[in-house]
Engineer: 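Can you keep this structure in mind? I'll have questions shortly.
Below, chains carry the letters A, B, ... as their sequence lines are ordered, and counting in each starts from 1.
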There are 2 protein chains.
Amino acid sequence: MPSHHPLPFDPIDRAAKLWQDRIGPAATMAAVTNIMRVQQILQSSVDAALRPHGLTFARYEALVLLVFSRQGSLPMNVMGQRLQLHPTSVTNIVDRLQADHLVERNSHPTDRRTTLVTITEAGRQRQKVATVALTDIDFGLIGLDDTQTAQLTALLTRVRRAAGDFTDPS
Amino acid sequence: MPSHHPLPFDPIDRAAKLWQDRIGPAATMAAVTNIMRVQQILQSSVDAALRPHGLTFARYEALVLLVFSRQGSLPMNVMGQRLQLHPTSVTNIVDRLQADHLVERNSHPTDRRTTLVTITEAGRQRQKVATVALTDIDFGLIGLDDTQTAQLTALLTRVRRAAGDFTDPS
DNA sequence: GCTAACTGGTTGGACGTCCTACTATTGGGA
DNA sequence: TCCCAATAGTAGGACGTCCAACCAGTTAGC
C-alpha cells in the first residue's frame with residue numbers, strides 16, 4: 001500500500017491560486033504539480049506491486065527491454081538511450097540486476113569498449129511474474145477509461161515531443 | 001539544460017505494442033511510462049532553473065509553503081501533509097534549508113514534540129528570486145495550449161481522486 | 001603513423017524519496 | 001493515577017537519479 005497521506009485539499013493548487021494575482025501562469029503550475037504528484041502515486045503503487053518480486057520499476061523496465069530485444073542482449077549505451085537514462089543510472093541498474101543473477105555482463109565481440117548486457121533465464125522468468133503482478137494492479141493507473149487514457153497519452157506525448165524527447169529519425 | 005538524450009522512437013511504446021498481442025493493457029502501460037517520462041523532463045527542467053539559486057524543486061515547494069503560511073512558520077508534520085511527503089523527507093529538506101539559513105527550527109510553545117519551521121528573511125528573498133527564475137521557463141511545460149493544459153489537469157486530477165489523494169473533507 | 005577528439009563505461013558524491021526502527025512526548029482510559 | 005497507544009521527529013539504510021571526473025578504447029586528421 002502506497003503511503004500517501006490523504007490530502008484535505010491541494011496545497012500547491014492553493015499556492016497557484018495565490019500566485020495568479022501576483023505572478024502569472026497558475027494553470028501551468030497546476031498541471032506541473034499534478035504530473036509530479038501522479039508520477040509519485042504511480043511510482044509508489046508500481047514499486048509496491050514489484051517489491052515482493054525483488055524488483056523496482058526501473059529494473060523492471062530494463063528487463064522488459066532486454067526480453068523484447070532480438071538477441072536478449074543490448075549494449076549499455078543502447079539501454080540508456082531506449083530507457084532515457086543517464087549512463088550512470090544504467091550502470092547502477094545493471095549492477096543490481098546482475099547481483100540478482102537476472103542479467104549478465106558480456107564483452108562485445110568487436111568493440112572492446114562496449115559491454116553487452118544479456119538477460120538470463122531467471123531474468124526472463126522474473127519479468128514474466130512481475131508483469132502479471134503489474135497487470136493485476138492495472139499498472140496503478142486508475143480512474144480513467146480507455147478514451148481518457150488515450151487522451152492522456154496523447155497530451156503527454158505532445159509535451160514530450162515539444163521537449164525534444166523523441167527526435168524523429170529524419 | 002536537461003540531459004535527456006534524444007530518442008529516435010519511443011521504446012516503451014514499442015514494448016507496449018508488443019504486449020498488446022500477448023498481454024493486455026498496453027494502453028495503460030503507455031500512459032504510465034509517459035507520465036514517468038514527462039515528470040522526469042519537468043523535474044530536470046525545473047531543477048536546472050533553480051540550481052543557480054541553490055534550490056531544488058522540493059526545497060522550493062517547502063519555501064513557498066512557508067511564505068504563504070500565516071505566521072511564516074509551520075510544524076514539520078503539517079508540512080509533510082501539505083507537501084505529501086514522508087516525515088523523513090521533511091526532515092531531510094528542512095535540514096538542508098536550515099543549513100542554508102533559509103529556515104529555522106523552533107520549538108512549539110505548548111507541544112514539546114513538535115518542531116516549528118520558520119522561514120527567515122533570507123528564505124523569503126530566495127523564494128522570490130527563484131520564482132522569477134521558474135516563471136521565466138514557464139515551468140518547462142510546453143507544447144500545450146491553454147485548453148490542452150486544462151484537459152491534462154482534469155485528467156490527472158481524476159487519477160489523483162481515484163487514488164484517494166485528496167479526501168474531500170465531507 | 002601519431003596525436004587529438006570522441007565514445008563507452010565506471011567511480012564518487014549529492015540529492016530526494018521511502019522504509020524500518022527508535023526516542024520523546026502526549027493524552028485517553030482502566 | 002498510571003499505563004499504553006498514538007503522535008512528532010530523527011537515524012540509518014536502500015534505491016534511483018544526476019553530475020563531474022576519470023580511464024580505456026576507438027576513430028579521424030594531419
Engineer: Side chain of B/H86: nearest nucleotide among D/dT10, D/dG16, C/dC19?
Structural biologist: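 So the nucleotide nearest the side chain must be C/dC19.
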
Engineer: For B/R105, report the nucleic acid contact type (base, sugar-phosphate, nothing); a contact means any heavy atom under 4.0 Å.
Structural biologist: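 Answer is sugar-phosphate: B/R105 comes under 4.0 Å of backbone atoms only.
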
Engineer: Counting side-chain heavy atoms from C-beta on, which of D/dT10, D/dC15, D/dT26 comes nearest to A/T56?
Structural biologist: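 Of all the options, the side chain of A/T56 is nearest to D/dC15.
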
Engineer: How is A/N92 classified with respect to the nucleic acid when contacts are heavy atoms under 4.0 Å: base, sugar-phosphate, or nothing?
Structural biologist: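 A/N92: base contact, heavy atoms under 4.0 Å.
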
Engineer: Just to confirm, is there a sub-4.0 Å distance from OP1 or OP2 of D/dG16 to any side-chain nitrogen or oxygen of A/S89?
Structural biologist: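 No.
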
Engineer: Side chain of B/L85: nearest nucleotide among C/dC18, D/dA8, D/dA20?
Structural biologist: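 Closest of the options to the side chain of B/L85: C/dC18.
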
Engineer: Are any side-chain N or O atoms of B/Q84 and backbone N or O atoms of B/Q81, one a donor and one an acceptor, separated by less than 3.5 Å?
Structural biologist: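 Yes, the answer is positive, given that a donor and an acceptor are paired below the 3.5 Å cut-off.
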
Engineer: In whole angstrom, what separates B/F57's CZ from C/dT17's P?
Structural biologist: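 B/F57 atom CZ is separated from C/dT17 atom P by 10 Å.
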
Engineer: Assess whether side-chain hydrogen bond (donor to acceptor under 3.5 Å, both in side chains) is satisfied between A/Q127 and A/R124, documenting all intermediate values.
Structural biologist: CA-CA 5 Å; A/Q127 188 271 337; A/R124 291 183 188 275; over 6 Å; no

Engineer: Any donor-acceptor pair, under 3.5 Å, between the side chain of B/R112 and the base of C/dT25, if you only look at N and O atoms?
Structural biologist: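 Under the 3.5 Å cut-off, the side chain and the base do not form any donor-acceptor pair.
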
Engineer: Between A/R126 and A/H53, is there a donor-acceptor pair closer than 3.5 Å when you use the side chain of the first and the backbone of the second?
Structural biologist: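 Between the backbone of A/H53 and the side chain of A/R126 there is a qualifying donor-acceptor contact (under 3.5 Å).
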
Engineer: Distance criterion of 3.5 Å, no angle test: do you see the side chain of A/R113 paired donor-to-acceptor with the base of C/dT7?
Structural biologist: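 Answer is yes: a donor-acceptor pair is held.
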
Engineer: If you check the B/R96 side chain, which of C/dT10, C/dG16, C/dG8 turns out closest?
Structural biologist: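 Of the candidates, C/dG16 comes closest.
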
Engineer: Does B/T120 reach the main-chain N or O of B/H101 with its side chain, forming a donor-acceptor pair under 3.5 Å?
Structural biologist: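 Looks like yes, one N/O pair under 3.5 Å.
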
Engineer: Within this structure, what is the OG1-CD distance for the pair A/T56 and A/Q43, rounded to the nearest 0.5 Å?
Structural biologist: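 It is 8.0 Å, given to the nearest 0.5 Å.
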
Engineer: So if I take every side-chain heavy atom of B/R59 and compare against D/dA11, D/dT26, C/dG16, which nucleotide ends up nearest?
Structural biologist: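 Of D/dA11, D/dT26, C/dG16, C/dG16 is nearest to the side chain of B/R59.
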
Engineer: I want to verify a distance call: between C/dT17, D/dT17, C/dT11, whose nearest atom is closest to the A/T91 side chain?
Structural biologist: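 Comparing C/dT17, D/dT17, C/dT11 against the side chain of A/T91, the answer is C/dT11.
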
Engineer: Mind checking if B/T88 touches a base, just sugar-phosphate, or nothing, with heavy atoms under 4.0 Å?
Structural biologist: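 Contact class for B/T88: base.
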
Engineer: Hey, does A/S107 reach any base, or is it just sugar-phosphate, or nothing, if we go heavy atoms under 4.0 Å?
Structural biologist: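 It contacts nothing in the nucleic acid.
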
Engineer: Of the candidate nucleotides D/dC18, D/dG9, C/dG9, which contains the atom at the shortest distance from the side chain of B/Q40?
Structural biologist: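 Looking only at heavy atoms from C-beta outward on B/Q40, the closest nucleotide is D/dC18.
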
Engineer: Have a look at B/D47 and say if it touches a base, only the backbone sugar-phosphate, or nothing, with a 4.0 Å heavy-atom cut-off.
Structural biologist: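 Nothing: the residue B/D47, judged by heavy atoms under 4.0 Å, touches no strand.
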
Engineer: Return the value, rounded to whole Å, for the distance between atom CZ of A/R51 and atom C1' of D/dG16.
Structural biologist: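 Atom CZ in A/R51 sits about 14 Å away from atom C1' in D/dG16.
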
Engineer: Looking at B/N77, does any N or O in its side chain come under 4.0 Å of the phosphate oxygens OP1/OP2 on D/dG9?
Structural biologist: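 Answer is yes, contact under 4.0 Å.
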
